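Only this structure's heavy atoms are used, side chains among them; waters, hydrogens and symmetry mates stay out. Keep in mind that what you see is a predicted model, and the values were worked out from it rather than measured. All ligand and atom numbering here is 1-based and tracks the order in the structure.
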Amino acid sequence: MKQDMILIIDLGGEQNALLAREIRALGVYTEIHPYDLDADTLAKIPGIRGVILGGGPNNIVDGVAVHPSDAIMSLGVPTLAFDYKDAAPIPEDAEARAALLNDFVFGQCHADKNWNVQNFIEDQVELLRRQIGDGKVLLALSGGVDSSVVAALLIRAIGDRLTCVHVNHGLLRKGEPEQVIKVFGEELGANLVYVDATDRFLSKLEGVAEPEAKRKIIGAEFIRVFEEEARKLVGVDFLGQGTIYPDILESGSKTVKAVKAHHNVGGLPDDLKFELVEPIKMLFKDEVRAVGKALGLPDNMVYRQPFPGPGLGVRCIGAITRDRLEAVRESDAILREEFDKAGLAGKVWQYFTCIPDFRSVGVKDNARYMGWAVVIRAVNTVDAMTATVEPLEFAFLSKVTNRILNEVKGVNRVLYDLSPKPVATIEWE
Ligand code: XMP
């Protein structure tokens with residue numbers, strides 16, 4: 001690795017991840033490490049130009065005051081402390097912070113501004129080639145940002161020694177499997193195995209109404225299908241994973257309890273043993289997007305809004321039926337198309353439709369009939385823990401409503417969900 005690095009030592013500071021992002025935004029690479037790093041581990045971290053001690057409330061972890069290890073303190077590079085011992089707190093004012101970090105990183109550490117997307121890609125391609133040698137890699141390619149960027153990096157590093165498996169569980173949005181095939185199979189020339197497992201998933205899900213039961217079935221079946229494909233391939237020793245830095249940070253550290261446990265393709269059987277390949281595990285989401293863009297992935301893949309793993313399965317409320325699944329897929333496509341046309345796509349964090357499992361009365365050809373209702377949801381959030389409703393214009397809502405009522409079979413009512421999180425959640429189940 002060519003780049004200089006500022007090492008952030010985690011002494012329980014809540015803003016360490018933010019500091020890491022801010023320094024990277026200055027063009028210098030950062031990593032967050034535990035306070036008890038030993039000399040051997042430290043020696044393996046290249047390019048350390050400075051250390052930031054990110055302290056928390058009295059640096060108390062599980063009732064004990066924590067301090068950086070002797071090895072860290074004897075690195076002999078400039079050190080900046082926040083909230084540790086007598087050190088000042090991190091300035092709240094963004095400009096003051098930027099000036100302080102800028103002075104430390106460049107004025108005192110003399111770090112080179114060499115953290116950028118192109119250097120990252122070059123370094124990773126080299127590291128991937130070194131790790132994989134002449135081996136083969138398997139990757140579950142969902143079409144989401146993270147797995148797509150991992151695929152594009154691996155294609156650049158090892159070409160057709162990467163096999164991508166795209167499992168269509170029948171719960172993807174309109175056009176998604178087609179785009180994966182077009183971008184990776186055709187344009188990037190990947191070794192792509194496409195599995196249409198729609199019937200298999202839908203028959204497993206038949207009659208299952210309980211949301212968590214649906215999620216479990218979808219997750220377990222996904223692993224089963226992927227495993228079947230993995231067994232068909234010979235000589236694969238590596239498994240690519242789209243793990244990103246927040247996944248690691250949120251999985252907990254010595255000072256922070258886990259926010260949530262992350263697992264990507266976890267749960268593969270023990271006799272399928274792979275070494276993991278995780279080329280974007282040190283990147284924040286915006287950096288992943290920048291890398292994807294530099295690798296030539298299309299904007300609608302790179303700037304894609306979040307989409308749950310169980311897909312439309314949790315937006316077709318209750319027991320999934322093919323008619324409602326089709327209606328939710330079509331109405332979602334209309335909503336996304338209208339968001340694009342109105343220039344709202346990049347401005348709203350997440351927007352989608354869902355379809356409850358009740359009917360209401362409508363009229364058609366002078367006769368009463370029972371039809372489905374489609375719900376429009378559009379929310380903004382920073383971390384998905386809380387969310388506010390996007391105040392969509394009435395004219396926009398009317399236009400989408402008219403299109404859905406005219407174009408989507410079986411639907412006779414469109415509703416707009418005005419509930420923030422909490423009390424509601426973003427998804428309906
Ligand atoms: P909720 O509904 O909990 O959603 O407010 C918060 C965010 O998480 C997404 N979500 C999921 N993502 N698997 C996922 O990968 C899931 O089972 C799942 N459930 C919810 C949701 O779309 C929102 O962005």
Residue and atom name of the nearest protein heavy atom (relative to atom 23 (C) of ligand 1), distance in Å to one decimal: Q350 OE1, 3.4 Å

Atom indices of ligand 1, in the order listed, that fall short of 4.0 Å to a heavy atom of T425: 1 (P), 2 (O), 5 (O)

E186 atom CD, neighbour heavy-atom count above 12 within 6.0 Å: yes

Centroid separation F339 to F396 less than 6.0 Å: yes

Side chain, backbone, both or neither: W349 near ligand 1, heavy atoms under 4.0 Å: side chain

Atom 17 (O) of ligand 1 [closest protein heavy-atom partner, distance rounded to 0.1 Å]: R215 NE, 2.6 Å

SB check R200 E221 (cutoff 4.0 Å): yes

Protein contact of atom 4 (O) of ligand 1 - nearest heavy atom, named by residue and atom, plus distance: I426 CB, 3.9 Å

Closest protein heavy atom to atom 21 (C) of ligand 1, given as residue, atom name and distance to 0.1 Å: E427 OE2, 3.4 Å

R322 CZ to L202 CG distance, which is reported to the nearest 0.5 Å: 4.5 Å

Top protein contact for atom 7 (C) of ligand 1, by heavy-atom distance: A384 CB, 4.0 Å

Nearest protein heavy atom with distance in Å, relative to atom 13 (N) of ligand 1: P310 CD, 3.4 Å

Donor-acceptor side-chain pairing of D83 and Q15 below 3.5 angstrom: no

Atom 9 (C) of ligand 1 protein-contacted, heavy-atom criterion under 4.0 angstrom: no

Residue, atom name and distance, where the atom is the protein heavy atom closest to atom 3 (O) of ligand 1: K421 NZ, 3.5 Å

Exercise: do E390 and N380 side chains pair donor with acceptor under 3.5 Å: yes

Lys/Arg-Asp/Glu bridge criterion (N-O < 4.0 Å) met for R336, D332: yes

NZ (K341) with more than 12 external heavy atoms under 6.0 Å: yes

For ligand 1, the portion of P308 having any non-hydrogen atom under 4.0 Å away: both

Short N or O distance, G309 and ligand 1, threshold 3.5 Å exclusive: yes

